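Structure, as structure tokens:
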Amino acid sequence: MSDVMAPLATVTALPAQGMITIRGNLKDAGFIAAVKSASGLDVPAQRQIVTQKELALAWMSPDELLLLCGYEDAPALTNAMTEAFGDQFAMAVVVSDARAVFDLEGPKVRDVLGKLAPVDMAPGSFGHGEIRRTRLAQVAAAFWLTCDDSARLVCFRSVAQYAEDLLKTSAKPGTEVGYF
Amino acid sequence: MLILECPYCGVKADETELHGGGEAHLKRYGPGSSDADFEGYLFHRKNPKGVHFERWRHVNGCGKWFHAARCTATLEVFGTYPAQVTAPPKALINKIKKKRPDWEGWT
């Protein structure tokens, strides 16, 4: 073994990220059109996340989406969304300060997540463009792969320190499982 | 380990991602009902050894409630279905009857 070992992935807490929770009937044509007109993004299919420049739209549940944007842009984007919804039974709310965001980068990023969450991280079963809401040891979290060796993870801000410690422990040098 | 497929997310979620909600398809007896009915609604549960219908919540995922049919003795899962029903789907009942011919039915 070499003296200097690199962690499986570097864990970085990202600065405040704009987040908007959108709720409504994801199958409704009016809803889909309103989301498209306000954000420029298509409503993602089940468990998918779509990205375009600095915006990302994630499927959270059959009636909930999460729009990721710049922190400063969130209020304006939410107003545009609310206007686009008109009198539809749907709403958009700024929740930027509710969650913390982490970036994981390294060739063993699947190992780091696979050790903490009850998710099959094999490349054939968890791929790009998929977001998974799950459990990270004792807390709820959601993550998606941004490329082959990096992932992004969101969890509630109240458990951010716990999640960061957890990820860093899981990424300790020499602890790879080597399964993926 | 119990693995149930969430009918909303389509993920095969393991038990630790879910929260159990007890027996499914209870009939609620509220104000105006007899004491015996109310007592039954509050306290009496089936606890069978065999086919059981349960409520589960995908608590660390989409957060939705759903129903599951499983065997309490073997942990075999017969199927899961959404929560917006008052009785198990016909297809699922037929499937269970085929696998367990001496099953008495869900009511």
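Everything numeric here is computed off the predicted structure, so don't read it as measured data. Lettering of chains follows the sequences in order, A, B, ..., and the numbering in each one begins at 1.
- When hydrophobic clusters are built by joining Ile, Leu, Val, Met, Phe, Trp and Tyr residues whose side-chain heavy atoms come closer than 4.5 Å, directly or via intermediates, Met60(A) is grouped together with Val101(A).
- Val177(A) and Val11(A) fall within the same hydrophobic cluster, where Ile, Leu, Val, Met, Phe, Trp and Tyr residues are linked whenever their side-chain heavy atoms come under 4.5 Å apart, directly or through other members.
- The hydrophobic clustering, which links ILVMFWY residues whose side-chain heavy atoms are closer than 4.5 Å, places Val93(A) and Leu67(A) apart.
- Taking non-hydrogen atoms and a 4.5 Å limit, the residue list of residues 44-59 of chain A in contact with chain B, ordered by number, reads Gln46(A), Arg47(A), Trp59(A).
- Residues of residues 53-63 of chain B that come within less than 4.5 angstrom of chain A, heavy atom to heavy atom, are Asn60(B), Gly61(B), Cys62(B) in numerical order.
- Counting non-hydrogen atoms of other residues, nucleotides and ligands closer than 6.0 Å to NZ of Lys172(A) gives a total of 12 or fewer.
- Hydrophobic clustering places Tyr162(A) together with Leu104(A) (ILVMFWY residues linked when any side-chain heavy atoms are closer than 4.5 Å, directly or through intermediates).
- Leu65(A) and Val154(A) are not part of a single hydrophobic cluster, where members link through side-chain heavy atoms under 4.5 Å apart.
- Residue-environment remark: CD (Glu83(A)) stays at or below the threshold of 12 foreign heavy atoms within 6.0 Å.
- Using a 4.5 Å heavy-atom cut-off against chain B, the contacting residues of residues 108-133 of chain A are Pro118(A), Arg132(A), Arg133(A).
- The residue among Thr134(A), Val139(A), Leu136(A) with the most heavy atom pairs within less than 4.5 Å of chain B is Thr134(A).
- Taking CG of Leu18(B) as the start and CZ of Arg135(A) as the end, the distance is 10.0 Å to the nearest 0.5 Å.
- Along residues 76-100 of chain B, no residue comes nearer than 4.5 angstrom to chain A, judged on non-hydrogen atoms.
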